[in-house]
There are 2 protein chains.
Amino acid sequence: MSTLPQPFSESKPETQLRLAANNCPTNAACEGCSSRHLSLCNALDTDELHRFSEISTDIHKPAKQIICSEDEAADYIYNIRNGTVRLSKMLADGRRQITGFLFAGDFFGLSCKDKYSYTAEAITDVDICRFPRAKIIGSFKEFPALGERVFEMTRTELEATHDQMLLLGRKTAKEKLCSFLLTLQEKSRCLEGQDKNEIKIPMNRSDIADFLGLTVETISRQFTNLHKMNLIELDDAHKVVLTNPEAIAAIAEGN
Amino acid sequence: MSTLPQPFSESKPETQLRLAANNCPTNAACEGCSSRHLSLCNALDTDELHRFSEISTDIHKPAKQIICSEDEAADYIYNIRNGTVRLSKMLADGRRQITGFLFAGDFFGLSCKDKYSYTAEAITDVDICRFPRAKIIGSFKEFPALGERVFEMTRTELEATHDQMLLLGRKTAKEKLCSFLLTLQEKSRCLEGQDKNEIKIPMNRSDIADFLGLTVETISRQFTNLHKMNLIELDDAHKVVLTNPEAIAAIAEGN
DNA sequence: CGATGGATTGAACTGGTTCAAGTGGAGTGG
DNA sequence: CCACTCCACTTGAACCAGTTCAATCCATCG
């Protein structure tokens, strides 16, 4: 994983159907998944997909680079091919709240008015696919199924943010971290189709802290706490094994 | 304002066009408003409105009664004629997070899948108008403008919840209360069209606390703090005058 | 008039923060 | 190949914003 900032590269897609072919790690089979990665392509047939692929641009962003910024004109929507992205909002003095982490198959920029209401940054190196937003929005009339899918994605995302509000407002540090680990597990099950208890954690402690409304130190302490309670194993900072998922789930729900 | 729970009353609407005529305190003129009360009726012409009015049921709920509960089948969508409603989620042990307050003109139940993901309760006596959800959702195809409007409302609501996540995760008690007062002010400006600094606060301290992720005591102390700082006047617990809105806005934004 | 319940205030406490120091792994350069 | 730097992470100790617990106030209502 490269960590040095580099100029981003941009190119026309070589495989026109990549949106359809590669970008749907999750689909109808994964209805249970809680987050944003209901794919758009289910809503379109092959001809329609061609049209949308043709207006797309493939972009590679190295880790740590900004993809789009809060208050910038929302000209594009983005689909993540692979890698991890964070969405965040800031206060004037630098305090940051991460509103969500996005993974392969996820979209962002869809539910904006005319400006992005958050900053999107690459956590790992990412491959993303960019579409002119006006063209997508404009084609809702022609392809109602597309609009329905976008509505469905927004709806699902709204429900997830309600859960996150409960977490931010009312859960303890330990409960927050347990909830987070379970969300990550569910996500990686969806993406990798595996039913393992081993989780890769692509983001750093500071990102987790800003997502859960805590500090880096508290995150670190809670990780060691869970380890001492024999609920997790910590291979390194970015790989965790949930040795007792049931107990973690119980804590996450406040029991 | 009645406070005793009473059996709710239910009746067919006498004025078929009440949805159109009375329930749009806000409309295009109020685009700047941040929350859920973009009206649906703008999306429909008179004939269409008649059809929707005919499938609606008027309901009166006294204060403190439950309108719909988390995990209950989401059979209806609701439009608030007047009064104030709270949406909330709970943890097993009773900790509560209020995800939003709704006022005249607001809708809820739209962005659910098949179960309500929150409990809706009347804070004051409310008059609400109930529509079978399936019929509304089903008519998106026939009336695309309706679907677009619903999407727009959901989108707007999502942006508001992102702001609330920043508040819950990163703001101090004082900043939280100032942000809340300003939101209430904007809301009452929209509803009453007045540019006053006097705000009626329909909810009690405990509701405010559960909305801001704090305790009743902290809310109370912060109210007196703001009063001592000469930023607000407190006529009684439910009526506040913002004597220095600029200073309050500065605090709310973290300055 | 006493009872009830929301709101306020006070005082002690604590979960999480802040500040500061230490650790370890990856990259760099000699 | 080793020494050095850097940076993310961890750990410790003091601190404090907000909580908890308890008492009081005060408006409303029967």
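Computed from a prediction, not measured in an experiment: that's the story for all the values here. A, B, ... follow the sequence lines: proteins, then strands. Residue 1 opens every chain.
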Apply salt bridge (charged side-chain N to carboxylate O under 4.0 Å, His left out) to B:Glu70 and list each qualifying residue two or more places apart in sequence or on a separate chain. B:Lys89
Any donor-acceptor pair under 3.5 Å linking the side chain of B:Gln164 with the backbone of B:Phe211? yes
Residues passing the side-chain hydrogen bond (donor to acceptor under 3.5 Å, both in side chains) test with B:Lys176, sequence neighbours excluded, are none
Could you write nucleotides 6-15 of chain C as a row of B, S and -, 5' to 3', where a protein heavy atom under 4.0 Å of any base atom gives B, of only sugar-phosphate atoms gives S, and otherwise -? -SBBBB----
Is the side chain of B:Thr124 donor-acceptor paired with the backbone N or O of B:Gly83 at a distance under 3.5 Å, no angle test? no
At a cut-off of 3.5 Å, list every protein nitrogen or oxygen paired with a nitrogen or oxygen from nucleotides 23-25 of chain D, distance to 0.1 Å.
none

Please check if the side chain of B:His227 supplies one atom and the backbone of B:Glu233 the other of a donor-acceptor pair under 3.5 Å. no
Excluding sequence neighbours, so at least two apart, what forms side-chain hydrogen bond (donor to acceptor under 3.5 Å, both in side chains) with B:Arg170? A:Asp210
Just jot down the side-chain contact (heavy atoms from CB on, under 4.5 Å) partners of A:Asp207, sequence neighbours excluded, or say none. A:Arg86, A:Arg96, A:Ile98, A:Phe101, A:Ile123, A:Met203, A:Asn204
Quick one: list whatever passes side-chain contact (heavy atoms from CB on, under 4.5 Å) with A:Leu242, sequence neighbours left out. A:Leu181, A:Leu182, A:Gln185, A:Asn197, A:Ile199, A:Ile232, A:Val240, A:Pro245, A:Ile248
side-chain hydrogen bond (donor to acceptor under 3.5 Å, both in side chains) filter on B:Asp93, not counting sequence neighbours, yields B:Arg95
Tell me which donor-acceptor pairs under 3.5 Å the side chains of residues 214-222 of chain A have, and how far apart each pair is, sequence neighbours excluded?
{"from": "A:Thr215", "atom 1": "OG1", "to": "A:Thr218", "atom 2": "N", "distance (Å)": "3.3"}
{"from": "A:Thr215", "atom 1": "OG1", "to": "A:Thr218", "atom 2": "OG1", "distance (Å)": "3.0"}

Where the side chain of B:Asp125 meets the backbone of B:Ala63, is there a donor-acceptor pair that is under 3.5 Å apart? yes
What parts of residues 89-98 of chain B reach DNA chain C, counting only heavy atoms under 4.0 Å away? none
A:Lys115: partners by side-chain hydrogen bond (donor to acceptor under 3.5 Å, both in side chains), with sequence neighbours left out: none
Under a 4.0 Å heavy-atom cut-off, which of residues 207-214 of chain A touch DNA chain C? A:Gly213, A:Leu214
Atom pair distance, as rounded to whole Å: NZ in A:Lys239 and P in C:dG25: 15 Å
